[in-house]
Peer 1: 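Quick one: this structure, given as structure tokens, is what I'll be asking you about.
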Number of protein chains: 2
Amino acid sequence: MTTLIDIVRPNAGEAPGGAIRVFTFFRDRLLSGELKAGDRLLAERELALALGVSRPVLREALRSLAMLGLLDIQHGRGAFVRAADASVLGQALTLCLAPQPNILDDVLQARIAIECQAIRLACERASERDLQAIADVLDALVASLDEPELGGRADHAFHLAIVRASGSGSLMKIHEAISPLLIRSHVERRRDTFGEPAITSRLVDAHRAVFLSLARRDPDQAERALREHFLIGDDLRRRKLIAAYQPQEKQP
Amino acid sequence: MTTLIDIVRPNAGEAPGGAIRVFTFFRDRLLSGELKAGDRLLAERELALALGVSRPVLREALRSLAMLGLLDIQHGRGAFVRAADASVLGQALTLCLAPQPNILDDVLQARIAIECQAIRLACERASERDLQAIADVLDALVASLDEPELGGRADHAFHLAIVRASGSGSLMKIHEAISPLLIRSHVERRRDTFGEPAITSRLVDAHRAVFLSLARRDPDQAERALREHFLIGDDLRRRKLIAAYQPQEKQP
DNA sequence: TGCTCATAGTGGTAAGACCACGGACTGACC
DNA sequence: GGTCAGTCCGTGGTCTTACCACTATGAGCA
């Protein structure tokens with residue numbers, strides 16, 4: 001079968017198979033904005049009748065749309081148009097990256113890419129409210145150093161706030177998409193650093209430096225500070241690796 | 001219904017609805033590698049029997065997997081596991097970004113983000129073969145300055161080669177995902193620059209500078225050169241905007 | 001030896017029926 | 001009169017059966 005969502009539609013003249021015809025029918029109306037988030041679709045039986053297909057065929061198309069996160073089908077209530085979110089994006093990314101080794105390490109590269117560009121844009125575009133929001137999260141981060149769970153969440157919120165301040169929808173969506181993958185490596189790292197004052201203080205300094213250069217609206221310095229921050233992670237991973245190869249007090 | 005692909009599966013004990021049970025069944029086997037690309041699934045009737053669901057239900061799940069690009073269902077032949085590619089990723093991205101204004105401009109930010117990080121990694125990791133490949137594309141780019149179509153493709157190939165040289169799967173996939181969106185703005189820009197020697201020579205210089213600093217394996221200089229290159233585009237867009245507001249010889 | 005056509009197996013579609021869930025209406029009870 | 005519970009209707013969820021369309025395979029024929 002033809003893969004979904006062909007931006008350019010070949011053989012537009014012919015009538016494709018029923019299911020994919022229904023699928024493209026709704027997709028186009030979703031892309032064009034004819035169907036807005038929250039709209040309720042007709043009942044399956046009526047839709048099937050209106051579109052001239054059987055109910056199973058219609059259901060295949062509807063279910064596919066739901067799988068892509070475009071529809072929210074609720075038992076006993078109906079099908080509703082869902083606001084496009086990045087969850088499907090993240091899922092697709094996970095599926096694409098799944099066969100590859102070292103995903104968790106490699107996805108960090110994507111994160112660095114997004115955030116470094118985001119902070120450059122943020123230096124240009126961030127409003128006072130954006131800066132205030134970042135400052136608030138920074139305070140929360142400092143206050144939650146002793147709690148791994150809360151601290152990790154604050155850390156994530158800090159970086160998220162920067163990406164938000166960039167004002168770029170693309171960067172935000174991609175960042176949102178890789179978040180689930182990031183979180184997995186994030187929490188375990190936090191668990192390791194927990195209780196090591198040298199590391200945590202270095203972490204706070206790094207975050208503060210990032211914020212300050214952003215507040216000064218200096219893109220080069222901000223990116224440098226951010227990369228510096230990411231190096232802490234690299235450093236940590238390296239130490240962990242070395243420690244793992246040290247035969248002392250290591251349990252098999 | 002529950003959204004597909006929950007990485008953490010809630011209510012794992014209970015049996016979810018038939019269709020989504022079948023869906024997760026295959027998804028898990030795809031993620032775990034138990035099903036490899038090229039494998040042929042059993043016939044729908046047999047699968048339905050084996051999994052204890054009716055054929056329409058099975059078909060809904062199979063169709064959904066096909067929509068996500070995980071399966072390739074061929075009429076009269078069977079269903080085959082497809083190698084995960086970034087096409088779905090790109091489609092999902094397009095759908096997520098569709099409601100937003102200025103997508104084509106904004107997606108450039110994602111591109112800059114990816115490529116700037118990629119070239120930094122490439123400075124560390126690129127093999128001699130990678131560098132040679134980039135050099136070859138650069139030659140092709142210089143040779144095809146007079147042909148907008150060919151030149152545009154060479155341009156794209158150049159940047160793609162850099163991302164490849166980074167050796168990061170995440171960066172490559174994301175770059176691949178935004179490619180379809182990039183191409184649209186790419187070709188029209190080429191069409192504008194076509195025939196302006198000052199622009200084209202500047203373009204060549206920029207690409208050459210990027211390659212040279214990459215060959216020298218200097219990350220900072222390479223990123224700077226790349227950003228310089230992207231500024232050409234900004235500059236061009238600005239000029240176009242100004243030209244559009246000049247009332248002289250402009251047709252409504 | 002080569003071609004052609006019948007056939008079996010596959011996905012694609014249709015129709016009808018029933019079940020499970022949610023909400024709204026209506027009734028009785030407090 | 002207000003509140004609660006039960007019933008009914010509309011909805012999605014599923015099953016069954018049957019038939020159509022496409023592909024490949026192999027047997028039969030020239």
Side-chain angles (χ1 to χ4, degrees), chain A residues 1-4 6 10-11 13-27 30 35 37-82, chain B residues 1-4 6 10-11 13-27 30 35 37-82:
Chain A
M1 64 177 286
T2 58
T3 330
L4 74 166
D6 311 282
N11 65 350
E14 287 190 14
I20 100 153
R21 190 179 71 241
V22 176
F23 181 87
T24 56
F25 174 86
F26 283 108
R27 173 181 57 86
L30 286 166
L35 284 173
D39 286 357
R40 184 173 174 283
L41 265 53
L42 270 61
E44 291 187 354
R45 291 166 179 82
E46 300 176 48
L47 272 180
L49 197 65
L51 298 177
V53 295
S54 71
R55 212 177 137 215
V57 170
L58 180 89
R59 277 182 56 78
E60 285 180 17
L62 255 47
R63 178 78 73 163
S64 297
L65 290 163
M67 289 296 178
L68 283 171
L70 300 175
L71 244 49
D72 189 16
I73 305 179
Q74 298 180 22
H75 192 165
R77 297 195 58 202
F80 300 85
V81 178
R82 184 194 287 198
Chain B
M1 66 176 284
T2 58
T3 329
L4 74 168
D6 311 281
N11 65 351
E14 288 190 14
I20 100 153
R21 191 179 71 240
V22 176
F23 181 86
T24 56
F25 175 85
F26 283 108
R27 174 182 57 86
L30 285 165
L35 284 173
D39 286 357
R40 184 174 173 283
L41 266 53
L42 270 60
E44 291 187 354
R45 291 166 179 81
E46 300 176 48
L47 272 179
L49 196 66
L51 298 177
V53 295
S54 70
R55 212 178 136 216
V57 170
L58 181 89
R59 276 182 58 77
E60 283 181 19
L62 255 46
R63 179 78 73 167
S64 297
L65 290 163
M67 288 296 181
L68 285 171
L70 300 175
L71 243 50
D72 188 17
I73 304 179
Q74 298 179 22
H75 191 166
R77 296 195 60 202
F80 301 85
V81 178
R82 185 193 283 195

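Naming convention: chains lettered A, B, ... in sequence-line order (proteins, then strands); numbering from 1 in each chain. On a predicted model such as this, the values are computed, not experimentally measured, just so you know.
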Peer 1: Working to the nearest 0.5 Å, report the span between CZ of A:R82 and CG of A:L71.
Peer 2: 8.5 Å
Peer 1: Can you list, pair by pair, the side-chain donor-acceptor contacts under 3.5 Å of residues 46-57 of chain B, counting residues two or more places apart and other chains?
Peer 2:
from, atom 1, to, atom 2, distance (Å)
B:R55, NE, B:E44, OE1, 3.0
B:R55, NH2, B:E44, OE1, 3.2

Peer 1: Any base atoms under 4.0 Å from A:L62, or only sugar-phosphate, or nothing? Heavy atoms, all strands.
Peer 2: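 Result for A:L62 = nothing.
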Peer 1: Considering only side-chain heavy atoms of A:I73, which listed nucleotide, C:dT10, D:dG12, C:dT13, is closest?
Peer 2: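 It is D:dG12.
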Peer 1: Nearest whole Å is fine: how far is C:dG12 P from A:F23 CZ?
Peer 2: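 Rounded to whole Å, this separation is 15 Å.
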Peer 1: By side-chain contact (heavy atoms from CB on, under 4.5 Å), which residues pair with B:R77, not counting sequence neighbours?
Peer 2: B:Q74, B:F80
Peer 1: Expressed in angstrom and rounded to an integer, what is the separation of B:E44 atom CD from D:dC15 atom C1'?
Peer 2: 15 Å
Peer 1: Classify the nucleic acid contact of A:L42 as base, sugar-phosphate or nothing, counting any heavy atom under 4.0 Å across all strands shown.
Peer 2: sugar-phosphate
Peer 1: What is the distance, rounded to the nearest whole Å, between atom CG of B:L49 and atom P of D:dC15?
Peer 2: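 Atom CG in B:L49 sits about 12 Å away from atom P in D:dC15.
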Peer 1: Can you tabulate the close N/O pairs, meaning under 3.5 Å, that link protein atoms to atoms of nucleotides 19-22 of chain D?
Peer 2:
from, atom 1, to, atom 2, distance (Å)
D:dA21, N3, B:H75, NE2, 3.0

Peer 1: Within this structure, what is the CZ-to-C1' distance between B:R59 and C:dT13, rounded to whole angstrom?
Peer 2: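 Atom CZ in B:R59 sits about 8 Å away from atom C1' in C:dT13.
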Peer 1: Please report, rounded to the nearest Å, how far the C1' atom of C:dA8 is from the CD atom of B:E46.
Peer 2: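 Distance, rounded to whole Å: 13 Å.
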Peer 1: Round to a whole Å and report the spacing from CG of B:L47 to C1' of C:dT10.
Peer 2: 12 Å
Peer 1: Let's go through B:L68 and B:F23 carefully: what are the C-alpha distance in whole Å and the side-chain angles of both, what is the deciding distance for side-chain contact (heavy atoms from CB on, under 4.5 Å) to 0.1 Å, and is it a yes or a no?
Peer 2: CA-CA 11 Å; B:L68 285 171; B:F23 181 86; 3.7 Å; yes
Peer 1: To the nearest 0.5 Å, what is the distance between CG (A:L62) and CE (A:M67)?
Peer 2: 11.5 Å
Peer 1: Let's go through A:R59 and B:E60 carefully: what are the C-alpha distance in whole Å and the side-chain angles of both, what is the deciding distance for side-chain contact (heavy atoms from CB on, under 4.5 Å) to 0.1 Å, and is it a yes or a no?
Peer 2: CA-CA 7 Å; A:R59 277 182 56 78; B:E60 283 181 19; 2.7 Å; yes
Peer 1: Evaluate the side-chain proximity of A:L41 to A:F26: yes if any heavy-atom separation is below 4.5 Å, no if none is.
Peer 2: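 Yes. Closest side-chain heavy atoms under 4.5 Å.
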Peer 1: Whole angstrom is fine here: how far is it from CG in B:L58 over to C1' in C:dG11?
Peer 2: 11 Å
Peer 1: Closest approach to the side chain of B:S54, judged atom by atom: which nucleotide of C:dA14, C:dT10, D:dT14 is it?
Peer 2: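 It is D:dT14.
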Peer 1: How long is the gap from OG1 on A:T24 to CG on A:L30, to the nearest 0.5 Å?
Peer 2: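 If I round to the nearest 0.5 Å, the distance is 11.5 Å.
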Peer 1: What's the angle between the local helix axes at either end of the helix from C:dT1-D:dA30 to C:dC30-D:dG1, using five pairs per end and rounding to 10 degrees?
Peer 2: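 That helix has its two terminal axes inclined by roughly 10°.
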Peer 1: Nearest whole Å is fine: how far is C:dG11 P from B:L71 CG?
Peer 2: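 It is 10 Å, rounded to the nearest whole Å.
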Peer 1: Counting side-chain heavy atoms from C-beta on, which of C:dT13, D:dC15, C:dT10 comes nearest to B:R63?
Peer 2: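 Nearest listed nucleotide: C:dT13.
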Peer 1: Using side-chain heavy atoms (C-beta onward) and a distance below 4.5 Å, is B:V81 in contact with B:L70?
Peer 2: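 In short, these two side chains do not touch, never coming nearer than 4.5 Å.
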